[in-house]
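These notes are about the structure you will find just below.
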Amino acid sequence: MKKKILVTGGTGYIGSHTAVELINSGFEVLIIDNLSNSREDVLEGVEQITGVRPAFYNFDLCDLSRLDDFFREHSDMAAIIHFAAYKAVGESVEKPLLYYRNNLVSLINLLELMGKYHVPNMVFSSSCTVYGQPEKLPVSEQSPILPAESPYGNTKQISEEIIRDTLKAVNELRAISLRYFNPVGAHDSGLIGELPLGVPNNLVPFITQTAAGLRDELSVFGDDYDTPDGTAIRDYIHVVDLAKAHVIAVERMLKNKQKSSCEVFNLGTGNGYSVLEVIKAFESSTGVKLKYKIVGRRAGDVEKVWADTTFANKELGWKAARDINNMMATAWKWQQYLMANKDRYLVLSQE
Ligand code: WQD
């Protein structure tokens, strides 16, 4: 009998890649998603890759009674991977209450029902934004949590605290929070990837859309940072490496290997790349020249951040395997797939 894993936000970017890796590892995947920032036909891609179309439930996790019905039907779930959340940093500054309500109520509903139906395990999708601009680099799990730069980042900090407090009160619950650095790239097949609805906030989808001619040119937000080439540095990690780490985290819980009921891991590569270095990697791995201009800094951006990955490497036995060139090549392959399937996608990316 396959163990059931609920993936909330499973039609999203990281969720869909994680669904693929879970299915490939022999799990039965259930997806809950309200499609507020994704499309159901992502499941076509998952099915083409794995031969399996995950069971999909289209509703909002903030609807407690609907979620209760789901738990009653699937109280045999072995674990939950909770991705579903709003995640646009800029939008969270304009609409903080939307972010606090959605990101926190959905988590609270899940935790409450996990206790009620004795579903013990949660892997939580957290973010390196909890560290703000670290004083010391690379940043480890023991690095101080600094005041969040945005309501979005604050919802991740508060969520980790809610999980910690709930686990103290309900001792059968277990959790692993995974703090992602910058997820980029796409599945090797080019059949699933990041599908930004509207104008992309993030660097790599903006690069690939510019290269595809959907955007005139890329704006590089600032070249006056205290970095070798003046542009900001991030730890970009391939989404497939990230997805594989989620499967390892679930297996760690199912085999009772956790050292404590509430663990936290940084998921990065340990390498920092500047914006200009990412652009150069894109051009060299795709052969496509990119048009860009240097503009002013973006409010809320940190200058430089990259991960100390020794804890995840040692404790999880996981290490990011794909380099920046593969990240760029797969992101480009996915963008070309989108262009070849314009009828289904182009209208979304031009909104
Ligand atoms: C990366 C770098 C920009 C766009 C955010 C969230 C984080 C996570 C990933 C959810 C920065 C520069 C960007 C552009 C640019 N999301 N840039 N021109 O801001 O590091 O992280 O997304 O979990 O939580 O905070 O990612 O891709 O937006 O920016 O120069 O058009 O690229 O200034 O230096 P970020 P990003």
Side-chain angles (χ1 to χ4, degrees), residues 7-10 12-15 18 33-34 36-38 60-62 80-112 114 121-134 138-168 173-184 194 201-202 234-237 239 242-243 245-246 249 262-268 298-302 305-309 311-312:
V7 178
T8 73
Y13 174 41
I14 306 170
T18 302
D33 203 300
N34 66 3
S36 62
N37 192 27
S38 59
D60 192 321
L61 294 170
C62 292
I80 296 173
I81 305 181
H82 180 38
F83 290 107
Y86 295 155
K87 61 154 195 154
V89 171
E91 184 186 49
S92 77
V93 174
E94 287 153 35
K95 303 174 185 168
L97 293 180
L98 183 75
Y99 273 66
Y100 285 115
R101 176 179 290 118
N102 182 68
N103 292 6
L104 300 183
V105 171
S106 51
L107 172 68
I108 290 165
N109 285 352
L110 283 169
L111 290 168
E112 184 184 313
M114 285 172 71
N121 304 308
M122 173 184 275
V123 174
F124 175 66
S125 167
S126 190
S127 168
C128 65
T129 39
V130 303
Y131 298 114
Q133 173 56 66
V139 60
S140 80
E141 290 81 357
Q142 286 68 46
S143 297
I145 303 296
L146 299 180
E149 305 270 337
S150 68
Y152 158 74
N154 205 21
T155 65
K156 291 301 181 184
Q157 287 181 5
I158 297 168
S159 293
E160 286 194 16
E161 286 165 20
I162 290 172
I163 290 169
R164 253 196 305 278
D165 289 347
T166 307
L167 266 50
K168 282 185 196 133
L173 297 184
R174 298 264 174 286
I176 293 179
S177 288
L178 299 176
R179 293 175 180 164
Y180 312 153
F181 283 68
N182 285 60
V184 296
E194 187 169 10
N201 291 307
N202 293 128
R234 295 289 185 276
D235 185 334
Y236 297 94
I237 175 169
V239 66
L242 201 58
H246 287 74
C262 186
E263 294 179 308
V264 176
F265 293 95
N266 282 350
L267 295 185
R298 177 174 67 177
D301 273 350
V302 297
V305 61
W306 60 90
D308 173 346
T309 61
F311 186 52

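In this structure, the side chains of Asn202 and Glu194 come closer than 4.5 Å at one or more pairs of heavy atoms. Proximity of Asn266 to Phe181: side-chain heavy atoms (C-beta onward) are separated by under 4.5 Å at one or more points. Taking the side chain as every heavy atom from C-beta outward, Pro134 and Val305 approach each other to under 4.5 Å.
Qualifying side chain to side chain donor-acceptor pair (under 3.5 Å) partners for Asn182, counting only residues two or more places apart in sequence or in other chains: none. For Ala312, the side chain to side chain contact (heavy atoms under 4.5 Å, CB included) partners at least two apart in sequence or on another chain are Phe265, Leu267, Leu316, Trp318. Shown here are the salt bridge (Lys or Arg N to Asp or Glu O under 4.0 Å) partners of Arg298, two or more places apart in sequence or in another chain: Asp301. The side chain to side chain donor-acceptor pair (under 3.5 Å) test applied to Thr8 returns His82, not counting sequence neighbours. Remark: Tyr100 engages no residue in a ring-ring contact (aromatic ring centres under 6.0 Å, His included) (not counting sequence neighbours). Residues satisfying the side chain to side chain donor-acceptor pair (under 3.5 Å) criterion with Ser159, sequence neighbours excluded, are absent altogether. In this structure, Tyr131 has no ring-ring contact (aromatic ring centres under 6.0 Å, His included) partners at least two apart in sequence or on a different chain. Contacts of Ser38 classified as side chain to side chain donor-acceptor pair (under 3.5 Å), with partners at least two apart in sequence or in another chain: Thr11, Asp33. For the side chain to side chain contact (heavy atoms under 4.5 Å, CB included) test, residues two or more places apart in sequence or in another chain that qualify with Arg164 are Glu160, Glu161, Cys262. Remark: Tyr13 pairs with His17 by the ring-ring contact (aromatic ring centres under 6.0 Å, His included) rule, at least two apart or across chains.
In this structure, Asn154 and Ala148 approach most closely via the heavy-atom pair N-CB, 3.3 Å. In this structure, Gln133 and Val302 approach most closely via the heavy-atom pair OE1-CB, 3.3 Å. The two residues Gln157 and Pro147 have their closest heavy-atom pair at NE2-C, 4.1 Å. Heavy-atom minimum distance, Leu61 versus Ser106: CB-CB, 3.6 Å. Listed here is the closest heavy atom pair of Ile14 and His246: CG2-CE1, 4.4 Å. Among all heavy-atom pairs drawn from Asn103 and Thr155, the shortest one is ND2-OG1, 3.2 Å.
Distance CG/Leu111 to CG/Leu167: 7.5 Å, rounded to 0.5 Å. Note that OG of Ser126 and CD1 of Ile163 are 8.0 Å apart. Values are rounded to the nearest 0.5 Å. Rounding to the nearest 0.5 Å gives a distance of 4.5 Å between CG of Leu110 and CE of Met122. Distance CD1/Ile158 to CG/Leu104: 5.5 Å, rounded to 0.5 Å. In this structure, CG on Leu178 lies 11.5 Å from OG on Ser127, to the nearest 0.5 angstrom. Here the NZ-OG distance, from Lys156 to Ser150, works out to 11.0 Å after rounding to the nearest 0.5 Å.
Screening residues 140-152 for salt bridge (Lys or Arg N to Asp or Glu O under 4.0 Å) gives no qualifying pairs among residues at least two apart or on separate chains.
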For a quick test of your reading: what N or O donor-acceptor pairs under 3.5 Å do the side chains of residues 86-95 make, sequence neighbours left out?
unit_1: Glu91; atom_1: OE1; unit_2: Tyr99; atom_2: OH; d: 2.5
unit_1: Ser92; atom_1: OG; unit_2: Val89; atom_2: O; d: 2.6
unit_1: Ser92; atom_1: OG; unit_2: Tyr152; atom_2: N; d: 3.0

| request: Determine, step by step, whether Ser125 and Ile81 satisfy the side chain to side chain contact (heavy atoms under 4.5 Å, CB included) criterion, reporting the C-alpha distance in whole Å, the side-chain angles of both residues, the deciding distance to 0.1 Å, and the verdict. | output: CA-CA 8 Å; Ser125 167; Ile81 305 181; over 6 Å; no

